[in-house]
Every structure is written in structure tokens, then in C-alpha cells.
Amino acid sequence: MLGRDPVERRINSMSRRTNAGILFVMALLCAGIALFWLHNRVTRTQAGLAHAGVANSNRTNTPVDDTPPGDILSVDTKGKIAEPKKIPAEKDTPGPLRAGEVLEYTASVATLNNVANLRVSVAERQNFLGNNAWHFQAFARTENPLRMVFALDDQFDSYSDAGTLTSLQYEMHLNERGQKVESVQRMVVAGKEPAPANATAAIVLPGTRDPLGMMEYLRNVDWSKTPEVRSPVYDGRKLYDVRASLATGLEKVTVPAGSYTASKIELRIFDNGTEMKDAHFFLHLANNAARTPVLLDAQLPFANATVELLRAQ
């Protein structure tokens, strides 16, 4: 019987012992999106998921946020609804991001290897609502034996400002156990116009990034000169305050894609002004021109979880 399958028992046990904040961190790193949805979907109903993609009477979806103002990164943002301007998309500029990049990952939890696969891509740079923007995508899929009890095929899309990587629009196209949920959320700073008819307006703070945009932003930081960065991050449901800092200097990391010299970045997550201290998260960025995310190490109360690079194109 499926209810007695040891894999399902392990996932259900992990889900009961995992809180929403821990799950968010995995989503934040993008490479952890597969684990985020894997655990979170077991304990959240499809009705709860649909709430993120269904507007209220004035087509707004206001995230919860009690983070002290001093904890928020003060940066300009173009995350607003505005009249489209006739400007072309800029060409790629020197830096880690490259249109057409595809990164493939495998996720493991404790002794369960390859429970999910993830593909992350930099689709293109384009004109989005009059803003020069990057279009990021991520696709998450569970693998057997887990897939036999929890089939997941999810897609995430981020349209982020090309200069600041603040979020303009965040989309979740979820297909889990045959149930589908569509969520398209336009980022709007309080007091601005509501989203158009085909999107929900998510009222966010200036400088807010979505999980995909935040991960790409971390690749652009010069960690040799920057001790810490902070940013509000909206995961499609709630706002968090994220703080990232260099944990160690360069170290050797070996993943299925090969061996890399990488910087180890520690992430601390604050929910309503309180730090989540029951888990530790580290992102390893390769010391190459692309600053490729090669490994996510999540040290959770119940087990360790890893997301490792399989191949980069």
C-alpha cells in the first residue's frame, strides 16, 4: 500500500518537522526550489496554494510583513505598474548572467538520493512593461521512487529588473499529483496602480526580489569586497528579510558536474523580525566568470539536504 511505503513515510515525517521558513530558504536559492515545493506541498492544501494566485476584490494580494525597516535593503526599484515605454531591451553586459544559460541539479535528502531534479535557466533579456529585464525560469520534477507517491512537475518564472534584479513579476505554474494551480503576481510598491486583469498585484517593499531573482543577485555580488547583503524576498506568499554573508574563503567542492573552487555563502532568514535558527543554509558559488551555483547545503533539524550541480550549459 502506498500509505505504508517507506519513502512516503520519510517524506511525511520530514514535512511534519519542517516549518514554512525553512522551506522558503530552499526556494530562495533557486537550486532548492525542488525541495521547497516537495516538502511544502505535502502539508499545504491545494486551496492554500490557489490563494497565492487568486486576487481579492481589488485584484491585490498583500504579503505579510512585520520586518523592522532597518533590516531592509534600501535600493531603488522598478517593481511597479507603469505605462510601457518604447525602449529596446539592452544587450547583455559583462557579468555572471548570460542569456541561454541552463543549469541542471539533483536534490537529495538524508539517504534518499535524487529525489528531485531541477533545471534553472536564464531565458533571455527583454523589454518587460517598459523595463529592461531578465527572464529567469526553473523547472522542478520529482523522481522515482518518490514520484510514485508524489508526482510533481512545477515551473517558476521571474521577470527581474536588469539593473537591480528586483522583481517585476513572479509566476508559479504548479502541477502536483495531477492538480494544477496558476499564480501570476505583479510586484507593486504600496500606493501604485493595481495589476492588470491577467495578474494579481502583490504589494511589496521597495527593493523586493523573488527567489529566482535573489539567487541570481547573489551571483553578482563581489564577495571579496562585500561582507553582507540584505534584501526583502517575496516567495509568492510572504515577505522575508534575507541576509547573506561570506562564510569562508575559497574551498574545493566536488559535485556530479565536476570539481570547483567555490565561495561559501551563508544565508540567514528573518521572519517578522525573528531569525530562524533551527537550520543552516550554505550556497557555494564557483570561482569562475559565471559564478555558477554548484551546491546548496541545507542542515535541517531532521536531516541534511543537498542540491548538486549535474551539468551546466
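Everything numeric in this text was worked out from a predicted model, so none of it was measured. Along the sequence shown, residues carry numbers from 1.
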Report summary line: Between Asp153 and the options Arg177, Lys180, Arg141, the salt bridge (Lys or Arg N to Asp or Glu O under 4.0 Å) test singles out Arg141

Query raised in the report: Do the side chains of Met276 and Leu283 join up, straight or via other hydrophobic residues, at under 4.5 Å, putting them in one cluster?
Result: yes

Report summary line: When every non-hydrogen atom of Val233 is compared with those of Pro211, the smallest separation belongs to CG1-N, 4.1 Å

**Report entry** Same apolar cluster (I L V M F W Y, side chains within < 4.5 Å links), Val221/Leu267
**Finding:** yes

Query - Side chain Arg147, main chain Thr142, donor-acceptor under 3.5 Å - result: yes

Report summary line: Output for pair (Asp154 CG, Met172 CE), nearest 0.5 Å, gives 9.5 Å

Query raised in the report: Under a 4.5 Å cut-off applied to non-hydrogen side-chain atoms, are Arg98 and Val122 in contact?
Result: no

Query raised in the report: Can you find a pair of side-chain heavy atoms, one from Val229 and one from Trp223, that are under 4.5 Å apart?
Result: yes

Requested in this report: Report the C-alpha distance between Tyr260 and Leu309 in whole Å, list the side-chain angles of each, state the deciding distance to 0.1 Å, and finish with yes or no for side chain to side chain contact (heavy atoms under 4.5 Å, CB included).
Outcome: CA-CA 11 Å; Tyr260 298 84; Leu309 182 67; 3.6 Å; yes

Report task. Could you tell me whether the side chain of Arg268 reaches within less than 4.5 Å of the side chain of Glu228, counting heavy atoms only? Result -> yes

Query raised in the report: Between the side chains of Thr274 and Asn272, is a donor N or O closer than 3.5 angstrom to an acceptor N or O?
Result: no

Query raised in the report: Is there a side chain to side chain contact (heavy atoms under 4.5 Å, CB included) between His135 and Phe128 once you walk through the steps?
Result: CA-CA 9 Å; His135 178 197; Phe128 184 80; over 6 Å; no

Query raised in the report: Does Val120 share a hydrophobic cluster with Phe139, counting links as ILVMFWY side-chain heavy atoms below 4.5 Å and allowing steps through other members?
Result: no

**Report entry** Rounded distance (nearest 0.5 Å) linking atom CZ of Arg209 with atom CE of Met187
**Finding:** 12.5 Å

**Report entry** Heavy-atom check, side chain of Leu205 versus side chain of Val189, under 4.5 Å
**Finding:** no

Report summary line: For Val184 and Gln169, the nearest pair of non-hydrogen atoms, with its separation, is CG1-NE2, 3.4 Å

Report summary line: Value for CG (Leu212) from CD (Glu171), rounded to nearest 0.5 Å, stands at 11.0 Å

Report task. Answer yes or no: is there a donor N or O on one side and an acceptor on the other, between the side chain of Tyr105 and the main chain of Pro293, under 3.5 Å? Result -> yes

**Report entry** Polar side-chain atom of Arg230 near backbone of Asp241 as donor-acceptor pair, under 3.5 Å
**Finding:** no

**Report entry** 4.5 Å side-chain heavy-atom contact, Leu97 and Leu165
**Finding:** yes

Query raised in the report: Side chains of Tyr234 and Gln185: does their closest heavy-atom pair fall under 4.5 Å?
Result: yes

Requested in this report: Evaluate the side-chain proximity of Trp134 to Glu216: yes if any heavy-atom separation is below 4.5 Å, no if none is.
Outcome: no

Requested in this report: Taking only Lys NZ, Arg NE, NH1 and NH2, and the carboxylate oxygens of Asp or Glu, determine whether Glu266 and Lys264 approach each other closer than 4.0 Å.
Outcome: no

Query raised in the report: Would you say the side-chain atoms of Thr106 and Asn114 include a donor-acceptor pair closer than 3.5 Å?
Result: yes

Report task. Show your working on side chain to side chain contact (heavy atoms under 4.5 Å, CB included) between Arg119 and Gln137 and close with a plain yes or no. Result -> CA-CA 8 Å; Arg119 185 170 80 253; Gln137 290 185 304; over 6 Å; no

Query raised in the report: At what distance, to the nearest 0.5 angstrom, does CZ of Phe156 lie from CZ of Phe136?
Result: 16.0 Å

Query raised in the report: So do Ile265 and Ser245 actually touch side chain to side chain, heavy atoms under 4.5 Å?
Result: no

Report summary line: Here the pair of heavy atoms bringing Ala262 nearest to Val253 is CB-CG2, 4.1 Å

Query raised in the report: What is the distance from atom CG of Leu174 to atom CG of Leu152, rounded to the nearest 0.5 Å?
Result: 8.0 Å

Query raised in the report: Which atoms form the tightest heavy-atom contact between Ala99 and Ala123, and what is the distance?
Result: CB-O, 4.5 Å

Report task. Identify the heavy atoms of Ala290 and Pro96 that sit nearest to each other, and give their distance. Result -> O-CB, 3.3 Å

Query raised in the report: If you round to the nearest 0.5 Å, how far is OG of Ser121 from CG of Leu103?
Result: 8.5 Å

Report summary line: All heavy atoms of Leu246 vs all of Ser263, minimum pair found to be CD1-CB, 4.0 Å

